[in-house]
Amino acid sequence: MVSVIRLLLVPFVLVLILADQRKTSYMAAALFVIGAATDGLDGYLARRFGPTTRTGQWLDPLADKFLVATPVGALVVLGEFPFWAAVIIVLREITISILRAMLGLKGKSLPATQAAKVKTTLQLVAITLYILPVGPGWLKLSVLVIAVLFTVYTGALYIVQARIWLQRRAASLAGVRGGPGKDRTAGQDGPR
């Protein structure tokens with residue numbers, strides 16, 4: 001439910017950023033921070049009141065991705081956010097979303113790791129700094145560079161994790177299909 005609220009805030013943040021006025025920038029930043037805070041609240045409620053659902057495991061990261069990608073895209077359009085960083089962030093988020101969907105079809109979830117939570121926090125701080133019409137450019141860029149490094153690192157971790165799971169799954173399926181027959185044949189053909 002909290003993830004849905006986060007998704008519903010995204011269009012308002014987008015409109016306020018695109019209005020490109022000082023007052024609306026502060027309002028966009030405030031809504032963005034509220035959306036970011038709902039991510040922490042969502043995690044707290046899941047830990048406090050019970051196990052996470054499979055829907056929650058894909059909806060929560062999806063809401064995070066929309067909350068991140070939408071303002072980044074708007075800020076790029078306005079020339080307020082580095083294009084190279086936007087490409088890395090958005091491509092990583094799209095890639096991991098596709099990966100999660102593919103694994104979900106095979107019955108495997110890919111829950112958020114601690115490193116990915118740090119990545120999300122860094123991204124949210126960097127984006128907030130860029131939404132706000134104040135602050136030194138070097139600070140904004142420094143936080144953004146660290147966020148981008150975590151973005152690449154955690155994306156690579158997810159890809160490796162998914163690849164290992166897919167390889168194990170393929171090996172176990174191959175063992176189920178051909179394993180018993182091969183064992184019988186080997187026993188018959190080999191010495192007794």
Side-chain angles (χ1 to χ4, degrees), residues 1-11 13-14 32 34-73 84-127 144 146-186:
M1 179 64 182
V2 180
S3 297
V4 174
I5 294 169
R6 190 156 61 253
L7 282 171
L8 292 175
L9 286 175
V10 171
V13 172
L14 176 64
F32 184 76
I34 290 169
T38 65
D39 185 35
L41 176 63
D42 200 9
Y44 169 77
L45 292 175
R47 286 187 302 275
R48 177 83 166 93
F49 295 107
T52 57
T53 64
R54 187 167 280 185
T55 302
Q57 286 181 338
W58 67 263
L59 185 60
D60 180 52
L62 183 67
D64 289 342
K65 284 162 184 34
F66 274 105
L67 185 66
V68 166
T70 303
V72 164
W84 61 268
V87 169
I88 292 170
I89 290 170
V90 172
L91 280 179
R92 185 268 192 201
E93 302 307 338
I94 290 170
T95 302
I96 299 307
S97 294
I98 291 169
L99 185 61
R100 275 198 169 99
M102 288 171 45
L103 290 176
L105 292 174
K106 297 179 185 296
K108 171 71 174 169
S109 65
L110 198 60
T113 63
Q114 274 307 120
K117 291 175 183 178
V118 171
K119 177 270 310 178
T120 300
T121 301
L122 287 167
Q123 284 181 349
L124 295 173
V125 170
I127 294 165
L144 180 61
I146 296 168
V148 167
L149 290 173
F150 264 86
T151 298
V152 172
Y153 171 69
T154 57
L157 283 181
Y158 277 132
I159 290 168
V160 168
Q161 183 182 357
R163 185 175 177 199
I164 290 169
W165 183 82
L166 289 170
Q167 286 173 340
R168 286 183 184 156
R169 184 173 187 266
S172 70
L173 288 176
V176 168
R177 287 187 196 134
K182 287 181 182 176
D183 290 343
R184 264 196 312 274
T185 306

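What you are looking at is a predicted structure, and each value in this text was computed from that prediction instead of being measured. Residue numbers run from 1 in the order of the sequence given.
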Name each donor-acceptor pair under 3.5 Å that joins a side chain in residues 154-168 to protein atoms two or more places apart or in another chain, with its distance.
residue : atom : partner : partner atom : Å
T154    : OG1  : R92     : NH2          : 2.8
T154    : OG1  : F150    : O            : 2.8
T154    : OG1  : T151    : O            : 3.3
Y158    : OH   : R100    : NH2          : 3.4
Y158    : OH   : T113    : N            : 3.0

- Taking every heavy atom of A63 against every heavy atom of L7, the minimum-distance pair comes out as CA-CD2, 3.7 Å

- Nearest heavy-atom pair of L67 and G35: which atoms, and what distance?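 What the structure gives for the nearest pair is CD2-C, 3.6 Å.
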
Gap separating the [atom1] atom of [X] from the [atom2] atom of [Y], nearest 0.5 angstrom:
X	Y	atom1	atom2	value
K119	L124	NZ	CG	8.5 Å
T121	D64	OG1	CG	9.0 Å
L91	I96	CG	CD1	11.0 Å

- Pairing residues for I98 by the side chain to side chain contact (heavy atoms under 4.5 Å, CB included) criterion, not counting sequence neighbours: I94, M102

- Query: Can you check side chain to side chain contact (heavy atoms under 4.5 Å, CB included) on I89 and L144, steps first, answer last?
  - Reply: CA-CA 10 Å; I89 290 170; L144 180 61; 4.2 Å; yes

